[in-house]
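Note on naming: letters A, B, ... go to the chains in the order of the sequence lines (proteins, then strands), and numbering restarts at 1 for each one. Note that the structure is a prediction, hence the values are computed from the model and not measured.
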There are 2 protein chains.
Amino acid sequence: MTETTRPLRRDAQRNRERILLAAHDVFAARGFAATLDDVAHHAGVGVGTVYRRFPTKEALIDALFADRLEDLVSLAEDALALPSGWDGLTMLLRRTIEMHAVDRGLRDAALCIGIGKHHFAEVGEHLLPLLQEVIGRAHAEGSLRADVGINDLPIIMATVTDLARHSGGGRPEIYRRFLELIIDGLRAAPGNGDLGPALTQDDVEAIVHDCVPPIEARRRG
Amino acid sequence: MTETTRPLRRDAQRNRERILLAAHDVFAARGFAATLDDVAHHAGVGVGTVYRRFPTKEALIDALFADRLEDLVSLAEDALALPSGWDGLTMLLRRTIEMHAVDRGLRDAALCIGIGKHHFAEVGEHLLPLLQEVIGRAHAEGSLRADVGINDLPIIMATVTDLARHSGGGRPEIYRRFLELIIDGLRAAPGNGDLGPALTQDDVEAIVHDCVPPIEARRRG
DNA sequence: AGAAAGTGGAGGCGATTCCTCAACTTCCCC
DNA sequence: GGGGAAGTTGAGGAATCGCCTCCACTTTCT
């Protein structure tokens, strides 16, 4: 409000971009568990430079992911553009998983959507109604089993991307196979068992908090 | 071969049992990631005592789990005693998950079965043929989809028990719900998608190695 | 050329885990 | 009941890891 931000010196600007580039790679590989030291090393700059530009890990994460989360919103819009609700839902699942498997940082960021963990929880205001509609369309056409709801989506995402991580980057067939298995479980079918009551918002928050590495380190005391 | 093992002194014997009792609890809660210091503290003895009795974490794990893994074998036998192959398979899945959700150490041990990670890989010689038969029966009766095989079982186990851990001990409904979803995905059904080629033994080993904490700490250099 | 901005990376700090060791205690057997 | 072997203890050494600071040095800008 009261500040004018000075333009960066040319070398500083160049380094800032190098850092973002390196951070992209490092966070893709390690998710929020990446360290700023690691980023600095990959960028070929000193750690001090990284900390001068991005005083906390959170600031760097913001710069990296804030707009990329919008891609998920357009993905959901694409899903709604498909005529079939089922195809919309499954396309959304498959493509989201692919994005998250390739970039674990994006996965961690996306899981923070809709929970109180980080301020890009705000993206949820755009995304959640869209997801709700994706689910609703599939319910309406009777293709998605009735006892599956929006709160199951983060769990599926977290689980399948965890498997993707454990199986390394080399064999995407593995997590894809597992996702297809789950997708077949989502189908409304006569023989299906009973899933019981839906997950609560609190359930999801607790699980996601536990699945995503902490963004802020312990502050020195 | 050449040694006679001396009987323990009475206090040592008492302490050994205390340690095993404490280890049961600590490993149930933390799995192979439990520390021997933690066990000592819970047992109310000094760490030195634990290290004297169980020189490595592996020795303690052996003493804790070697025979309990046999329970999984009898569970598989129970599954084969059921008239329906499908019921056998799903009963096996459900009950194994319950055991592993309650005792994370048992989960870690069970995941080592059949891979070269620990010598109770040998239990696999008893267990794997039984599992193969559980799967085979369900295939034969046409209830289990044909493109699911024995190598999918460890993945399902690892995934669902991971979810159980992330959701804390308080809400078993959560992992049960997810397991039921997967079970419904396992059913042979006309609309099912294609899972692609089965997992290889190597796939499973790589994933399990990555999912189970290392048993041996880094040796001092 | 001088001042302001930026840089590097060794190293302090605190946390975590492993495991040892030497002073002390308990037990067992004669 | 006494001697010596067996057992116990827990502080602390050593290694690792991640966060972040600090200040002597370099680069840019005017």
Subject >> For A:Arg14, side-chain contact (heavy atoms from CB on, under 4.5 Å) partners two or more places apart >> reply: A:Asp11, A:Arg18
Please report, to 0.1 Å, the donor-acceptor pairs under 3.5 Å made by any side chain of residues 99-106 of chain B, with sequence neighbours excluded.
residue  : atom : partner  : partner atom : Å
B:Asp103 : OD1  : B:Gly105 : N            : 2.9
B:Asp103 : OD1  : B:Leu106 : N            : 3.1
B:Asp103 : OD2  : B:Arg68  : NH1          : 2.8
B:Asp103 : OD2  : B:Arg68  : NH2          : 3.1

**OP:** Could I get the full list of side-chain hydrogen bond (donor to acceptor under 3.5 Å, both in side chains) partners for A:Glu98, not counting sequence neighbours?
**Re:** A:Tyr175, A:Arg176
**OP:** From the options D:dC29, D:dC20, C:dC18, select the nucleotide whose nearest atom is closest to the side chain of A:Tyr51.
**Re:** D:dC20
**OP:** Classify every nucleotide of nucleotides 4-12 of chain C by which part a protein heavy atom approaches to under 4.0 Å, writing B for the base, S for the sugar-phosphate alone and - for neither, in 5'-to-3' order.
**Re:** BBSBBBB--
Subject >> Length of the NE2-P vector between B:His41 and D:dT8, whole Å >> reply: 18 Å
Original post:
In whole angstrom, what separates B:Asp38's CG from C:dA15's C1'?
Top reply: 15 Å
Original post:
Does B:Lys57 place a side-chain N or O at less than 4.0 Å from the phosphate oxygens OP1/OP2 of C:dC18?
Top reply: yes
**OP:** Applying side-chain contact (heavy atoms from CB on, under 4.5 Å), name anything that partners A:Leu8, two or more places apart in sequence or on another chain.
**Re:** A:Ala12, A:Gln13, A:Arg16, A:Arg53
Original post:
Rounded to the Å, how far apart are B:Arg30 CZ and C:dC18 C1'?
Top reply: 13 Å
Subject >> Separation of atom CD1 in A:Ile215 from atom C1' in D:dC20, rounded to whole Å >> reply: 18 Å
Original post:
With the threshold set at 4.0 Å, does a side-chain nitrogen-carboxylate oxygen contact exist between B:Asp184 and A:Arg145?
Top reply: yes
Original post:
For the pair made of CZ in B:Arg14 and C1' in D:dT8, what is the distance, rounded to whole Å?
Top reply: 11 Å
Acceptor/donor pairs from residues 23-39 of chain B side chains to any protein atom, 3.5 angstrom cut, sequence neighbours excluded:
residue : atom : partner : partner atom : Å
B:Arg30 : NE   : B:Asp38 : OD2          : 3.3
B:Thr35 : OG1  : B:Asp38 : N            : 3.0

